[in-house]
Chemist: 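Below is the structure I would like to discuss, written out as structure tokens.
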Protein chains: 2
Amino acid sequence: MVGTAPATRRTAQKEAVWQALESSPGFVSAQDLHQQLVAAGASVGLATVYRQLAALAAEGRADTIPDAGGLLYRVCAPGGHHHHLVCESCGRAVEIQPPLEDWIRQTAQDSGYTITRHVLEVFGTCPQCAAR
Amino acid sequence: MVGTAPATRRTAQKEAVWQALESSPGFVSAQDLHQQLVAAGASVGLATVYRQLAALAAEGRADTIPDAGGLLYRVCAPGGHHHHLVCESCGRAVEIQPPLEDWIRQTAQDSGYTITRHVLEVFGTCPQCAAR
DNA sequence: ATGCGTGCAAACGATTTGCAGAGAA
DNA sequence: TTCTCTGCAAATCGTTTGCACGCAT
């Protein structure tokens, strides 16, 4: 055990999980994602979804927030960090730019904490759905 | 069955759970709280702790955030909506006051959306854990 | 005396893990 | 061929619930 090779294979399931996660507007549970994949005709096991999601989160490519009775996952934009305002009725989302960055730096100094990450989700009803 | 009475009894366990929750600095899991109570000599069942915690949360007297593998509880100022900066290492949390309210009103106007709710989670490392 | 609240233990649902087989390198 | 990844199913862990008894009212 002197030279340890990277060893990370590229498989269809891996891609499928990643894409399914990417195409989801907000946060999704592992189980939802699994059902979504199966419904889409992909052959993926539930355990694999969990494993991939965990790996993705460990790599920092995915964000996870714990939710009552389960964890929720979401893609984490590489380099750029942005949030969305999601319509609870139709799912349509607009990109938003909350003034958090400055405030976070400020808060970090005030509290002495080293802030590593944050999650912001804003939910509401879009004009079209509100009009109906 | 014409007049419906309030029916909310005062019991030792109820008090014990509430006090244990109050005396906890940050967020605590139901199980931790239970062990704490037992260790303190109180005769309380785990199920009761869960039930009390759920009731407290429903009444709005307690805050709950889902955590990997369990929910965490914390006393909550009634009526107020606030967020926490949670240390990923020790779990200690400080209350934070992000400048979101104004920005949300503004965004609502700009986008035409009716904003119903938002979720903000900030994670980091507290000074004590960072020093270790 | 009359229920509500509690305790115990079984039930539940979500997530993790072990093991054998399939496919990538 | 070799070794990683996958799939299935059993194991685990935290939380909820049913039922019978004790205690507050």
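Residue numbers start from 1 in every chain, and the chains themselves are labelled A, B, ... in the order their sequence lines are given, proteins ahead of strands.
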Chemist: What distance separates B:W103 CH2 from A:L100 CG, expressed to the nearest 0.5 Å?
Modeler: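 These two atoms lie 7.0 Å from each other.
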
Chemist: Roughly, in whole Å, what's the span from CG in A:D32 to P in C:dG13?
Modeler: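 Spelled out: CG on A:D32 to P on C:dG13 is 16 Å.
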
Chemist: Rounded to whole Å, please give me the gap between OH in B:Y73 and C1' in D:dT16.
Modeler: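 Roughly 11 Å, once rounded to whole Å.
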
Chemist: Answer yes if the side chains of A:Q52 and A:Y73 hold a donor-acceptor pair under 3.5 Å, and no otherwise.
Modeler: no

Chemist: Contacts to DNA chain D from residues 45-55 of chain B, heavy-atom cutoff under 4.0 Å, which residues?
Modeler: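 Nucleic-acid contacts, sorted: B:A47, B:Y50, B:R51.
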
Chemist: Does a side-chain heavy-atom distance below 4.5 Å link B:R105 with B:E101?
Modeler: yes

Chemist: Starting at atom CG of B:L33, determine the distance to atom P of D:dG14, rounded to an integer number of angstrom.
Modeler: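 Interatomic distance, CG of B:L33 to P of D:dG14: 15 Å.
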
Chemist: Is any side-chain heavy atom of A:Q36 closer than 4.5 Å to one of A:S24?
Modeler: yes

Chemist: So, for A:L37 and A:A20, which heavy atoms are closest and what is the spacing to 0.1 Å?
Modeler: CD2-CB, 3.7 Å

Chemist: What is the distance from NZ of A:K14 to P of C:dG23, rounded to the nearest Å?
Modeler: 16 Å

Chemist: Measuring from the side chain of B:L71 (C-beta onward, heavy atoms only), which nucleotide among C:dG7, D:dT15, D:dG7 has the closest atom?
Modeler: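 That would be D:dT15.
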
Chemist: Under a 3.5 Å cutoff, is there a donor and acceptor pairing between the side chains of B:Q106 and B:D110?
Modeler: yes

Chemist: Take B:V44 and B:V38 through the side chain to side chain contact (heavy atoms under 4.5 Å, CB included) test and state the conclusion after the steps.
Modeler: CA-CA 7 Å; B:V44 187; B:V38 172; 5.8 Å; no

Chemist: Any chance you could lay out the side chain to side chain contact (heavy atoms under 4.5 Å, CB included) test for A:I104 and A:H118, step after step, and finish with the verdict?
Modeler: CA-CA 9 Å; A:I104 280 179; A:H118 63 273; 3.3 Å; yes

Chemist: Atom pairs under 3.5 Å, N or O on each side, protein against nucleotides 21-25 of chain D: can you list them with distances?
Modeler:
residue: D:dA24; atom: N3; partner: B:R9; partner atom: NH1; Å: 3.3

Chemist: Between C:dG13 atom C1' and A:H34 atom NE2, what is the distance in whole Å?
Modeler: 16 Å

Chemist: Any idea which heavy atoms bring B:A62 and B:L21 closest together, and the distance?
Modeler: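 That would be CB-CD2, 4.1 Å.
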
Chemist: Just call it for B:S43: base, sugar-phosphate, or nothing, with non-hydrogen atoms closer than 4.0 Å on any strand.
Modeler: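 Answer is sugar-phosphate: B:S43 comes under 4.0 Å of backbone atoms only.
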
Chemist: Could you tell me whether the phosphate oxygens of C:dG23, OP1 or OP2, come under 4.0 Å of any side-chain nitrogen or oxygen in A:Q13?
Modeler: no

